[in-house]
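As structure tokens, the structure follows; a few thoughts come after it.
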2 protein chains.
Amino acid sequence: MARPTIYDVATAAGVATSTVSRAFSNPGRVSAETRERVLSSAAELGYRPNPHARALLSGRHHTVAMVVSDITNPHYFELIRGAEMRARMSEYTLLLVNAEESPRMEWEQIQRLAPAVDGFLLAASRLPDENLRQIADQRPVVLMSREVPGLASVVLDHVEGCRQIVAHLSSLGHRELVYLAGPRNSWMAATRWAALKEAAERAGTTARRIGPFTPKVSQGGAAADGALNDGASAIVAHNDLLAIGVIQRLTQRGLRVPADVSVVGFDNIFAADVCTPGLTTLGGAHVDLGRVAVELLLTADARADDDQPSVVLPTELVLRGSTGAA
Amino acid sequence: MARPTIYDVATAAGVATSTVSRAFSNPGRVSAETRERVLSSAAELGYRPNPHARALLSGRHHTVAMVVSDITNPHYFELIRGAEMRARMSEYTLLLVNAEESPRMEWEQIQRLAPAVDGFLLAASRLPDENLRQIADQRPVVLMSREVPGLASVVLDHVEGCRQIVAHLSSLGHRELVYLAGPRNSWMAATRWAALKEAAERAGTTARRIGPFTPKVSQGGAAADGALNDGASAIVAHNDLLAIGVIQRLTQRGLRVPADVSVVGFDNIFAADVCTPGLTTLGGAHVDLGRVAVELLLTADARADDDQPSVVLPTELVLRGSTGAA
DNA sequence: AACACGATGGCAACCCCTTGCCGCACGTTT
DNA sequence: AAACGTGCGGCAAGGGGTTGCCATCGTGTT
């Protein structure tokens with residue numbers, strides 16, 4: 001038989017549909033006794049509210065969309081996990097959308113979903129600030145791993161993280177490092193480089209940048225060759241995938257890591273722990289990042305437009321075998 | 001200003017709302033000229049249909065839900081990617097749901113979402129056959145990495161795959177292998193063991209099973225110790241995570257892989273390629289699996305209830321350093 | 001005893017879009 | 001010229017809930 005509706009429940013309980021509705025969504029508005037009767041009728045019939053009908057009028061969908069710039073990057077899975085957990089805690093559904101590194105596709109998907117979700121989680125968005133503000137005008141938005149003035153965001157503390165990286169390399173005697181940059185339109189790539197350069201200057205270390213590189217293992221070859229050409233004794237890659245590709249290429253070319261070259265990555269993905277040598281990488285509370293982002297999104301209504309928090313979570317430098325004395 | 005509705009477009013174009021609706025969803029029903037006028041008015045106003053209102057009446061939501069039993073397992077990422085790609089190709093949205101290995105949670109989430117999605121993709125569902133059939137009565141369902149008579153499914157060819165594993169180990173001189181079983185309610189765990197045992201018998205090899213183990217790296221320790229106790233020269237782990245944990249533990253205990261013990265995994269996750277030694281594992285077209293599953297789901301309406309295909313995709317044994325002569 | 005007021009339930013409009021059915025204006029057939 | 005299509009728009013009824021407003025009832029106040 002067809003799914004029971006609120007009308008069926010109303011008939012069964014001998015009340016009006018409005019009473020049924022209120023019994024569920026506004027318990028204080030009906031007497032305890034009536035409520036009890038409605039709920040038991042509903043349970044008996046196996047009634048479940050139709051989310052679409054509910055959303056149509058109320059405008060609340062109990063759904064948040066998370067848009068990731070590239071779902072193939074294992075780094076995002078931690079964010080997704082955290083977001084999914086927090087969303088489910090509040091009985092929200094997480095919609096996952098992949099933008100495949102294409103700003104246009106990202107924009108279109110967001111526009112398509114805008115009327116159907118309560119807000120957007122944008123992970124490492126490739127859209128320009130301007131567009132992000134437009135989206136924020138329509139729906140609450142929380143940026144992940146990106147900051148834009150006036151918009152809510154959650155990021156890891158890469159300034160401090162880069163300082164740790166430089167300090168670590170410095171203490172091992174490295175006086176020159178090269179940064180393998182990420183994609184041109186990646187905010188993270190710009191941020192990491194700025195923080196790295198600044199930290200290097202303070203530590204009396206030389207930092208150079210080459211790239212940009214698409215942050216995938218397959219690009220590690222080209223990146224490694226470029227880095228060797230540069231002559232630095234330490235390589236800081238835009239992320240772990242690239243770093244792993246670099247190590248593979250270095251090993252293939254007969255260099256020893258870390259005896260000849262040290263390599264550092266970002267993200268602390270699972271593979272960083274099992275590759276050889278283990279990858280020294282800047283990790284952090286990625287699951288928390290996802291969690292906090294949803295938290296911010298769900299509480300967005302309670303904040304004024306000009307009160308959008310920018311949460312910064314701590315990083316931790318995970319030392320493994322890929323870094324050693326210069 | 002508020003999002004324009006079909007009424008605004010109708011007014012702007014000087015037609016009735018029904019005409020606007022048809023201009024979009026039933027082009028043959030209006031004259032080319034009228035359609036043109038409606039579309040340009042709509043474009044001008046920036047009109048986008050409200051998916052909820054559309055779904056409410058039509059019953060089609062252009063959304064499919066994918067339920068994974070444990071989102072922390074990187075193996076699923078490939079399935080998710082494939083499913084996401086195929087869904088987007090048809091302008092469908094993919095809803096991602098995590099069941100956290102809990103059948104109860106899986107069931108509740110599915111019931112909650114049932115009225116809001118066009119179908120379910122259930123990856124490695126932990127629900128009993130009975131429940132799966134109930135779900136299939138409500139909505140189209142496609143199982144991934146699981147088979148239930150009468151329901152559509154996509155799986156890798158583990159019978160052939162296990163044969164390959166046994167043949168490989170056999171050719172290296174292994175005469176005894178031990179299988180580290182997956183979770184008790186996992187269909188895959190049962191299937192792999194059955195296939196392995198059968199293949200082993202034919203090859204004149206002894207196969208024993210220990211477990212079950214939760215398929216995580218952290219369980220590799222206990223699994224490895226159990227396997228060593230068994231005395232077999234080759235270990236076949238339920239999946240790569242477990243296998244990697246096993247290798248770590250073996251190495252820690254001073255054994256050499258593969259000189260002392262060979263290890264084989266399942267899934268060919270990214271980390272299998274970068275760990276040391278590289279993990280020999282049974283891979284397959286996981287992205288295709290996701291793709292095909294969505295394909296089946298989207299075409300489910302066209303098939304009779306008793307014509308639910310069970311697609312079997314090929315596997316490939318990826319040889320790496322973790323297996324060697326006995 | 002007359003009145004005020006809070007608690008509770010029902011009525012009906014509304015959210016936005018789809019679709020069955022009707023009617024009109026043509027063109028075609030015999 | 002009468003009888004018939006046929007193509008195309010509009011009307012209006014939902015689809016399943018939510019919510020503003022009104023009616024009713026019981027209790028407390030003076």
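Numbers restart at 1 for each chain; the letters A, B, ... are given by sequence-line order, proteins then strands. These numbers come from a predicted model, not from an experiment.
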Check: If you check the Arg22(A) side chain, which of dT19(D), dT18(C), dG15(D) turns out closest?
Finding: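 For the Arg22(A) side chain, the nearest candidate turns out to be dT19(D).
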
Next item on the list: Would you indicate which nucleotide in dG9(C), dG10(D), dT18(D) comes nearest to any side-chain atom of Thr34(A)?
Entry: dG9(C)

Hey, is the side chain of [X] poking within less than 4.0 Å of OP1 or OP2 on [N], counting only N and O atoms?
X: Arg54(B); N: dC17(C); result: no
X: Thr5(A); N: dG16(D); result: no
X: Thr19(A); N: dG10(C); result: yes

Rounded to the nearest angstrom, tell me the gap between atom [atom1] in [X] and atom [atom2] in [N].
X: Tyr47(B); N: dC17(C); atom1: OH; atom2: C1'; result: 7 Å
X: Asp8(B); N: dC17(C); atom1: CG; atom2: P; result: 9 Å
X: Leu56(A); N: dC16(C); atom1: CG; atom2: P; result: 7 Å
X: Asn50(A); N: dT18(D); atom1: CG; atom2: C1'; result: 13 Å

Check: Just by distance, with hydrogens left out, do Ser41(B) and Arg37(B) show a side-chain donor and acceptor under 3.5 Å apart?
Finding: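 Judged by distance alone, the side chains do not pair up.
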
Item checked: Short side-chain donor-acceptor distance under 3.5 Å, Gln134(A) and Gln138(A) ->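 Result is no, nothing qualifies.
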
Would you mind classifying the nucleic acid contact of [X] as base, sugar-phosphate or nothing, using non-hydrogen atoms under 4.0 angstrom?
X: Ser31(B); result: sugar-phosphate
X: Val15(A); result: sugar-phosphate
X: Arg35(B); result: nothing

Note to self: Salt bridge check, Arg81(A) against Glu78(A): does any charged N sit closer than 4.0 Å to a carboxylate O?
What the structure shows: yes

Item checked: Residue whose closest nucleotide on DNA chain D lies nearer the 5' end, His52(A) versus Arg29(B) ->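 Whichever sits nearer the 5' end wins; that is Arg29(B).
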
Note to self: Using heavy-atom distances to pick each residue's nearest nucleotide on DNA chain D, tell me which of Ile6(A) and Thr17(B) is more 5'.
What the structure shows: Thr17(B)

Next item on the list: Kindly compute the distance separating CD (Glu147(B)) from CG (Asp129(B)), expressed to the nearest 0.5 Å.
Entry: 11.0 Å

Margin query: Could you check whether the side chain of Tyr7(B) and the base of dC16(C) have a donor-acceptor pair of N or O atoms closer than 3.5 Å, going by distance alone?
Written below: no

Next item on the list: Could you check Glu108(A) against Arg112(A) for salt bridge (Lys or Arg N to Asp or Glu O under 4.0 Å), going step by step and ending with a plain yes or no?
Entry: CA-CA 6 Å; Glu108(A) 280 177 5; Arg112(A) 190 169 71 84; over 6 Å; no

Check: Relative to the 5' end of DNA chain C, which residue comes earlier, Glu33(A) or Ser21(B), by the nucleotide with the nearest heavy atom?
Finding: Glu33(A)

